[in-house]
Each structure stands twice: as C-alpha cells, then as structure tokens.
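Quick caveat: nothing in here was measured; it's all calculated off a predicted structure. Below, chains carry the letters A, B, ... as their sequence lines are ordered, and counting in each starts from 1.
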There are 2 protein chains.
Amino acid sequence: MMKHNSENCRSNCPINFVLETFGDKWTLLIIRDLMFKRKKHYGEFLQSDENIATNILASRLRRLEDHGVITRSADPANAAKRLYNLTAKGKGLLPIMLEINAWSAKHDTLTNTPEEFSRRLKVDKEAVIAEVLSALD
Amino acid sequence: MMKHNSENCRSNCPINFVLETFGDKWTLLIIRDLMFKRKKHYGEFLQSDENIATNILASRLRRLEDHGVITRSADPANAAKRLYNLTAKGKGLLPIMLEINAWSAKHDTLTNTPEEFSRRLKVDKEAVIAEVLSALD
DNA sequence: TTATTTCACTTGCAAAAAGCAAGTGGCTGG
DNA sequence: CCAGCCACTTGCTTTTTGCAAGTGAAATAA
C-alpha cells in the first residue's frame, strides 16, 4: 500500500488527505457503486449512468487499491473476471457518503434519492449505516 | 445561480451532484479555509500550504459563487479587497467536512488534526457543529 | 476442437484542464 | 502623485482526460 509522506502530498491537512485519493470527478462514483449498488466487477462500473471511460476506470481502480480502499481478487465463479471489494478503510467512507447524500437531497431538486431513504437517514442514521454495511458481504 | 439540468450534468445521483461542484483537487480546500480558518480574502486563500495557482483559485471561486455556495462582496474596510463568505448552502457542507476529518484522522498517521478536536468530534458532534457555525459571522 | 464472444484491461491520439510566470488595472497609504 | 498592494487575467507548457480501437486470456457455443 502507498504511504502518505512529504514527497507525494501537498500538506497534512485531513481535507487534503482525502483529496489526494478522491479529488476528481470519478473516484467517488466507484465507491458509490461498491457501497450502494453492490457492483463488484469492472464491467458493472463501466455501465453506470455517468459513462466513465475504460482507461480512467482502470487507473482509478488501481489508485484505490494502492491506497488500501479496495481489494482486487480473482472471481472464484469465473476466472476471466475480477472481484473488487471495499476494505475496512473503504467501508469507513460510509458516513461521508451519507452526509453527501443528505446535502444533495436538500440542495438538488432533481436528486434521484428516494424520499423514504432521506427520511430514514434523518431519523436514524446509525440504523442506515448498519443496514448498508450488512449488505456488503 | 446555475441550474442543475440534464445539459450540464451527468446524472441525478446525489454523489454525482457534489462532484459537479467539488470534484477536483482544490475546491474543498477553499471551503476548508472559509469554514475552519476564517479566511475571507483572495490573498489568504493563495497563502495556504497546498499552493493553489492564482488562475485556478479565481476559476474555483467563480464556480462556487455560480453554484450558490459562496458570496463575493465588497469589503467595507478596504475597497481594493473582496469578501468571500459561505452561504447557508455552503455552511451546510459542515457535516461532510467533519466526517472527512474523522476519516482522515483515523487513516492518516500524519494528519495535523489535533487529537483534542477528534475526541470532541466523537463525543459530541452537534456541539462542534454549533461552535464552528457560530464562529462564521 | 475450433470459433465466437465476454471480460478486463492497454494503447494512441486529440482535446481539455492544470501549472507556472508575467502582466494589468483599480485602490490605498504616504 | 507615486509606490505598493490587491484581485485578478493572459499566454504558454505540461499533465490529465476523453474517446476509439486494439489485445490477450478465459468462457461459451457449434
């Protein structure tokens, strides 16, 4: 796994720390797919609405693996496929993702987040966290 | 203020919604400076550790204003200066920022977040939110 | 067993964005 | 009125993105 040191980062600010891994238009969409849409294969990430290019996807998956956020492994069901999964570090991003969700639900009138989900998130965030995490295995 | 519609965005996913505004290596650092470091002037943003280029800073400030996250106004104390401030929408990013802080504090051994701050964040997040917000005026 | 298709990538090239250094023009303090 | 500060803009180089096509290993179909 990649180390965080003075050669490869701009500062030791915690906001900057996440930007070094997630500061682009695509990486967080992969996390979303892994976390909420149960996607695990390269081809599934390619099919998301935002249309990520295949070379960008490959480079982002490699970076996430380098940073210890996801793992890449052989798929026992099909040797031509690879399985991508969140590590504990990756799963730890869930509270951030949920706050992002809440902010967008509030400020984007076109958001496709179901009202029911936003409501449950407001009422009992911990329950939503537990539920999403339990679906990840 | 800019509208969110099908011509200028890739999808109506809430994660994607924030990426349209904050999906780059610099924008969130400006929010950090406004929110936690009480910076309000162009020259102050330029002086942060990460060394943002002046043309990039100008374009990001304009984008944030276009998206209704900050305001730009004359500084009554000095007509050569401009004042940048968070709007209510911008202040609403605070829970996201705090979760980012918590994640980095946990996963970055070099983080410069004081332990004291992380501890208080864990113990009483709402109090930290109230405190940061009250310092914003 | 061979042929075709699926899958996870890589490669090459054009377009866009970032990075850097220098310049501009209003305002201020002396 | 002039030197310096302040918030930018401009021009150019380098890096990153975006798009289309290609590759090779493994599955599936004939």
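- A close approach under 4.0 Å does not occur between any side-chain nitrogen or oxygen of A:Trp26 and OP1 or OP2 of D:dT17.
- Inspection of the A:Ser48 and A:Lys39 side chains reveals an N or O donor paired with an N or O acceptor under 3.5 Å.
- Look at CD on A:Gln47: it is 15 Å from C1' on C:dC9, rounded to the nearest Å.
- Atom CD of B:Glu116 has more than 12 neighbouring heavy atoms from other residues, nucleotides or ligands inside a 6.0 Å radius.
- Residue order along DNA chain C, read from the 5' end via each residue's closest nucleotide, puts A:Ala58 first among B:Asn55 and A:Ala58.
- Note on ring orientation: taking the six-membered ring where Trp is involved, the planes of A:Phe36 and A:Phe117 are perpendicular (angle over 60°, cut-offs 30° and 60°).
- Note: NZ (A:Lys25) to P (D:dT17) measures 11 Å, nearest angstrom.
- In this entry the distance linking CD1 of A:Ile52 with P of D:dA20 reads 16 Å, nearest Å.
- B:Arg10 places its CZ atom 11 Å from the P atom of D:dC19, with the value rounded to the nearest Å.
- Within the structure, every side-chain polar atom (N or O) of B:Tyr42 is placed at least 4.0 Å from both OP1 and OP2 of D:dT9.
- Dashed line: the shortest gap from a side-chain N or O of B:Arg60 to OP1 or OP2 of C:dA18 is under 4.0 Å.
- The CG-C1' distance, from A:Asn51 to D:dA20, rounds to 14 Å in whole Å.
- The side chain of A:Asn78 sits closest to D:dA26 out of C:dC9, D:dA26, D:dC8.
- One can place CZ of A:Arg82 at 14 Å from C1' of C:dT10, the figure rounded to the nearest angstrom.
- Out of D:dA20, D:dA27, C:dG19, the shortest distance to the side chain of A:Thr54 is found at D:dA20.
- Nucleotides of DNA chain D nearest to A:Arg63 and A:Ala80 differ in position, and the one nearer the 5' end is that of A:Arg63.
- At the heavy-atom level, A:Tyr84 lies under 4.0 Å from the strands shown only through sugar-phosphate atoms.
- Note on B:Arg72: a side-chain N or O is less than 4.0 Å away from OP1 or OP2 of D:dC8.
- With rounding to whole Å, A:Glu44 atom CD is found 16 Å from C:dT6 atom P.
- When the options B:Thr27, B:Ile70, B:Ile30 are evaluated for a side-chain contact (heavy atoms from CB on, under 4.5 Å) with B:Arg63, the one that passes is B:Thr27.
- Where A:Asp24 and A:Ala79 meet DNA chain D, the nucleotide closest to each residue was compared, and A:Asp24 sits on the side nearer the 5' end.
- Here B:Arg62 reaches the OP1 or OP2 of D:dT9: one of its side-chain N or O atoms lies under 4.0 Å away.
- Taking every side-chain heavy atom of A:Lys81 into account, C:dA8 is the closest of D:dA20, C:dA8, D:dA7.
- Atoms CG (B:Asp75) and P (C:dC27) sit 13 Å apart, rounded to a whole Å.
- Crowding of A:Lys122 atom NZ: a count of heavy atoms from other residues, nucleotides or ligands under 6.0 Å not exceeding 12.
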